[in-house]
**Student:** 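Supplied in structure tokens, the structure appears directly below.
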Amino acid sequence: MVELPQNLIRLGAQAGSKADAITQVAALLSAAGNVAPDYVNGMLAREEQANTYLGSGIAIPHGTPETRDLIGRTGIAVLQVPGGVAWGEGGETVRLVVGIAAASDEHLDILRRLTRVLSDGALVDRLCTTTDAGDVQEALTGERPSAAVPDTAPPLPHTAQVTLPNPLGMHARPATGLAALVRARGGRVRLTRASGESADATRLMEVLSLGLTHGTPLTVSSDSRELLNAVTDAIRAGLGDDLSATPASAAPTRREPEWAPQHVGATVDGVAAADGLVVGVTRQHASGPLEVRDEPGDPVQEAARLNDALAAAHAELNTVIEDVEAKSGADRAAIFRAHQELLADEGTVQDTVGRILDGHGVAWAYQAASGERIAKLQRLDDPTLAARAADLGDVQRRVLRQLLGLRETEVQAGGPVILLAPDLTPSDTARLGPDTLLGFVTAQGGPTSHTAIIARGLGLPAVVAAGRGVLDVPDGTPAILDGAAGRLYLNPSEADVQAARERQGLLERRREAARAARFEPGATRDGVRVEVAANINRAADALAALEAGAEGVGLMRTEFLFLERDSVPTEDEQEQEYRAMAQAMEGRPLIIRTLDIGGDKEVPYLGLAREDNSFLGLRGIRLCFERPDLFLPQLRAVARVARDHANVHLMFPMISTLEDFRRARALFETVRLELGAPEVPLGVMIEVPSAALIAGALAAEVDFFSVGTNDLTQYTLAMDRLHPQLARQTDAMHPAVLQLIALTVQAADRHGKWVGVCGGAAGDEVGALMLAGLGVRELSVSTPQIAGVKAALRGRTLPELQALAREALTQPTAEAVRALVRPAGRGEATA
Ligand code: PEP
Ligand code: MG
């Protein structure tokens with residue numbers, strides 16, 4: 001509830017013109033610290049767009065949405081002009097000017113009271129002539145304060161710098177987490193970009209509209225040091241996002257179809273969004289735009305209708321959340337919690353009310369206010385963030401349905417169908433579910449949209465971006481949908497349908513067999529061992545990895561110990577974490593990688609200088625050499641654990657020269673001898689092309705190599721590993737990358753050393769087969785990929801894989817390499 005202290009009321013004023021009156025009321029707001037002085041320009045500009053005359057001699061000037069950043073704190077000021085001032089072209093005279101600076105919707109209550117005042121002629125008269133400010137206070141707030149309350153907008157004195165670590169940028173889910181954190185703690189937090197654009201952290205739309213992509217530097221400011229620390233910690237920890245994911249791994253990789261029908265009428269090619277194979281008939285899902293007419297009504301009633309519609313939409317979403325949580329888990333349901341945040345966006349509500357007060361109907365006003373925001377998101381450069389416009393469109397439709405009294409459209413069943421649609425909202429997808437739907441194909445959309453994520457959670461095969469042609473397919477057309485291949489086959493022959501059904505059975509049996517055999521040692525069909533280990537960063541994740549069949553930890557990214565907090569972990573704290581991990585592995589190998597800070601992994605509290613090319617600068621081992629205060633305690637912590645656990649291995653990242661390795665080894669050896677620790681197998685990451693090219697020299701001195709295909713691919717192809725537009729091309733199966741891996745393995749073999757791979761390619765089935773064929777003896781992958789990788793290896797003999805790898809090295813493109821992998825052998829082995 002907004003207070004109206006006496007210093008924001010001026011009685012008995014005179015104004016020569018409307019502009020003069022606005023300037024005076026703006027001055028009251030600015031003098032009280034509610035707004036910056038320039039806010040008056042926003043108020044004048046707003047008046048140019050729409051007259052803010054309310055009726056009965058009252059006007060409510062307020063700023064344009066663009067000037068909302070000039071508001072420090074929501075407030076209202078009242079200028080009483082008993083002699084009146086000419087307001088609009090319609091000849092209205094205004095005697096009470098109520099200036100509004102609304103950073104939130106706390107002032108709505110005052111506006112509702114104002115509209116009540118309007119209908120009471122005697123009260124209007126009294127307010128326009130009274131010499132007692134208490135009358136105005138009472139009429140507008142319902143209270144008659146006994147004393148003036150000093151009202152100054154507190155500045156946000158505490159600030160900190162962070163760099164956004166989220167691979168997909170600040171999308172709706174992390175932004176929701178941030179808003180919830182600030183609300184739970186109480187207090188104010190603003191995020192400001194280097195360009196000066198800023199957003200209140202509790203306003204989801206404002207935060208999304210900043211277009212914060214991965215790596216954006218931000219200033220976080222707050223009125224409390226503790227809150228600031230909590231917020232910056234949470235941002236650095238990713239606000240619930242997996243920081244090691246890349247946009248490329250967020251969506252299924254494009255694969256050559258493992259299977260294709262022989263005699264189909266037509267094939268629709270799209271982008272694979274969710275795996276699975278189904279046979280059925282098609283149905284078009286046309287949810288045309290909702291028709292909204294501008295039907296103005298009583299402003300108070302219209303505002304109340306808005307409140308009701310928002311509350312009803314919120315309640316509907318509670319049901320959706322329960323449903324999705326039950327079917328696909330809390331992670332997917334979080335998408336709809338974000339929708340609840342979007343629903344509550346104060347800026348949208350406020351603009352809607354502004355439009356209602358300007359004389360528009362509530363549905364029209366809400367459509368316009370939310371539509372503006374959708375358009376703004378659609379214009380963002382970053383496609384992942386722009387995809388969030390679909391979420392906002394979904395929310396808009398939900399609210400408009402409430403306002404227009406429309407029910408959710410049902411998909412006409414008549415048996416589950418393959419749904420064809422221009423696009424589907426996340427809500428549609430969650431609501432449809434496997435009971436009414438076999439799968440879907442959309443003309444638009446992308447594989448990282450929430451619609452695609454929901455489909456994967458529900459186990460619904462989905463193909464997106466199939467083009468408008470799919471909308472011409474008549475209802476009831478027999479079809480086969482192959483989600484993994486990104487294809488819809490129309491009018492298949494009877495034999496094709498039969499073959500598809502057989503393949504469905506095969507896929508199911510394969511999944512089951514892989515799960516059942518997850519504890520078997522990783523090996524090819526002819527029994528050659530290829531260990532399958534897990535990439536995990538915390539001891540807390542060890543149990544799940546072992547339960548999924550992990551044979552060790554092939555990569556512990558220790559920088560996450562540093563990224564998830566606000567200060568450097570001490571040597572003791574590090575020792576504790578490494579020890580817990582070593583113990584949890586119960587003798588299985590544990591490869592601890594020393595700090596790999598720099599590039600995309602920034603630790604703001606270290607105060608490192610910004611670099612123009614952070615991926616090419618002081619990253620990984622290079623930074624460690626510059627910062628012995630970070631490196632030596634880490635080496636000591638590892639050596640202390642190694643005294644008690646023989647499974648500890650140590651590995652250095654970003655090695656590009658032989659000197660790098662020698663220097664790192666010398667530092668560790670000094671520490672190790674000081675602490676009386678035994679020798680520890682020492683390895684280097686092969687993730688820079690130069691390291692692969694001098695693998696012979698390195699192999700003579702190291703104990704093992706682990707290939708980081710994520711970086712090796714980015715540095716070989718000169719493609720930023722996080723670049724969303726390059727995601728499709730940044731493929732480790734490029735023959736240039738495979739050549740470098742082949743060189744590495746050959747060099748290691750000559751010196752009797754082993755090679756593992758801990759980059760993303762190891763977890764991709766084609767990648768796993770290719771790498772094993774090249775001679776890699778350990779694949780370290782994310783936990784959910786373990787069973788599938790083991791199963792893929794079991795389907796082939798080593799000679800088969802070696803032949804495949806030899807052929808791959810002669811191919812001109814990554815696509816040609818992937819095309820070599822046909823699943824025949826694997827199918828026979830597990831069918
Ligand atoms: C890699 O580069 O492939 C790797 C495993 O290291 P990171 O992803 O941590 O850079
Ligand atoms: Mg790397």
Side-chain angles (χ1 to χ4, degrees), residues 165-167 214-215 238 241-250 253 532-538 541 552-564 590-603 614-624 634 649-656 660 664 683-692 704-723 727 730-734 736-738 740-741 744 755-764 767-768 770-771 774 776 778-783 785 789:
N166 304 56
H214 168 85
D241 271 0
D242 174 5
L243 298 184
S244 60
T246 65
S249 71
T253 346
V532 182
N535 288 349
I536 52 172
N537 310 326
R538 309 298 299 242
D541 300 326
V553 169
L555 172 64
M556 178 184 187
R557 291 177 163 105
T558 59
E559 56 275 10
F560 284 90
L561 290 179
F562 288 66
L563 285 165
E564 291 168 6
L590 160 63
I591 301 180
I592 301 177
R593 181 178 76 181
T594 59
L595 271 179
D596 184 21
I597 289 169
D600 56 329
K601 290 174 251 182
E602 295 197 16
V603 182
S614 62
F615 274 118
L616 303 180
L618 286 181
R619 179 184 171 189
I621 199 71
R622 303 172 188 172
L623 177 76
C624 287
Q634 176 169 52
H649 295 52
L650 187 64
M651 173 161 81
F652 304 113
M654 278 297 288
I655 296 288
S656 49
D660 281 346
V684 298
M685 300 252 336
I686 300 292
E687 50 185 352
V688 179
S690 65
F704 65 94
F705 289 136
S706 186
V707 182
T709 48
N710 307 336
D711 279 314
L712 188 60
T713 308
Q714 90 160 340
Y715 293 129
T716 303
L717 301 181
M719 289 180 186
D720 186 332
R721 61 192 266 183
L722 296 168
H723 200 297
T730 317
D731 187 342
M733 291 301 103
H734 192 287
V737 180
L738 296 180
L740 291 171
I741 299 174
T744 305
V755 180
V757 173
C758 59
D764 163 34
M770 233 20 119
L771 293 166
L774 285 171
V776 166
E778 179 237 32
L779 298 168
S780 193
V781 306
S782 70
T783 297
Q785 295 170 324
V789 167

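Order of appearance sets the numbers: ligands from 1, and atoms from 1 within every ligand. Hydrogens, waters and symmetry mates play no part in the numbers below; they use all other heavy atoms, side chains included. None of the values given here were measured: they were computed from a predicted structure.
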**Student:** Could you give the distance from CZ (Arg593) to CG (Asn537), rounded to the nearest 0.5 Å?
**Tutor:** 8.5 Å
**Student:** Grab the two heavy atoms, one from Leu738 and one from Ala732, that are nearest each other, plus how far apart they are.
**Tutor:** CD2-O, 3.8 Å
**Student:** Salt bridge or not for Arg557 and Asp596, using N-O below 4.0 Å?
**Tutor:** no
**Student:** Is a donor on one side and an acceptor on the other found under 3.5 Å between the side chain of Asn166 and the backbone of Gly238?
**Tutor:** yes
**Student:** Quick one: does Tyr715's side chain have a donor or acceptor within less than 3.5 Å of a partner on Ser690's backbone?
**Tutor:** no
**Student:** Side chain, backbone, both or neither: which part of Arg619 comes within less than 4.0 Å of ligand 1 when only heavy atoms are counted?
**Tutor:** side chain
**Student:** Report, in ascending order of atom number, the atoms of ligand 1 lying under 4.0 Å from any heavy atom of Cys758.
**Tutor:** 5 (C)
**Student:** If you count the atoms of ligand 1 from 1 in the order shown, which ones are under 4.0 Å from a heavy atom of Leu555?
**Tutor:** 5 (C)
**Student:** Can you confirm whether the side chains of Ser782 and Asn535 place a donor and an acceptor under 3.5 Å from each other?
**Tutor:** no
**Student:** How does Leu712 reach ligand 1, by side chain, by backbone, by both or by neither, if only non-hydrogen atoms under 4.0 Å count?
**Tutor:** neither
**Student:** Measuring from the heavy atoms of Arg593, does anything fall under 4.0 Å of ligand 1?
**Tutor:** yes
**Student:** If you count the atoms of ligand 1 from 1 in the order shown, which ones are under 4.0 Å from a heavy atom of Glu687?
**Tutor:** 1 (C), 2 (O), 6 (O)
**Student:** Where the Mg ion (ligand 2) is the corner point, what angle links OE1 of Glu687 with OD2 of Asp711, to 10°?
**Tutor:** 100°
**Student:** Quick check for you: to the nearest 0.5 Å, what is the distance between Thr730 atom OG1 and Leu717 atom CG?
**Tutor:** 7.0 Å
**Student:** For Met685, counting its heavy atoms only, list the atoms of ligand 1 lying under 4.0 Å from any of them.
**Tutor:** 4 (C), 5 (C), 6 (O)
**Student:** Taking 4.0 angstrom as the limit and counting only heavy atoms of Asp596, give me the atoms of ligand 1 inside it, by number and element.
**Tutor:** 10 (O)
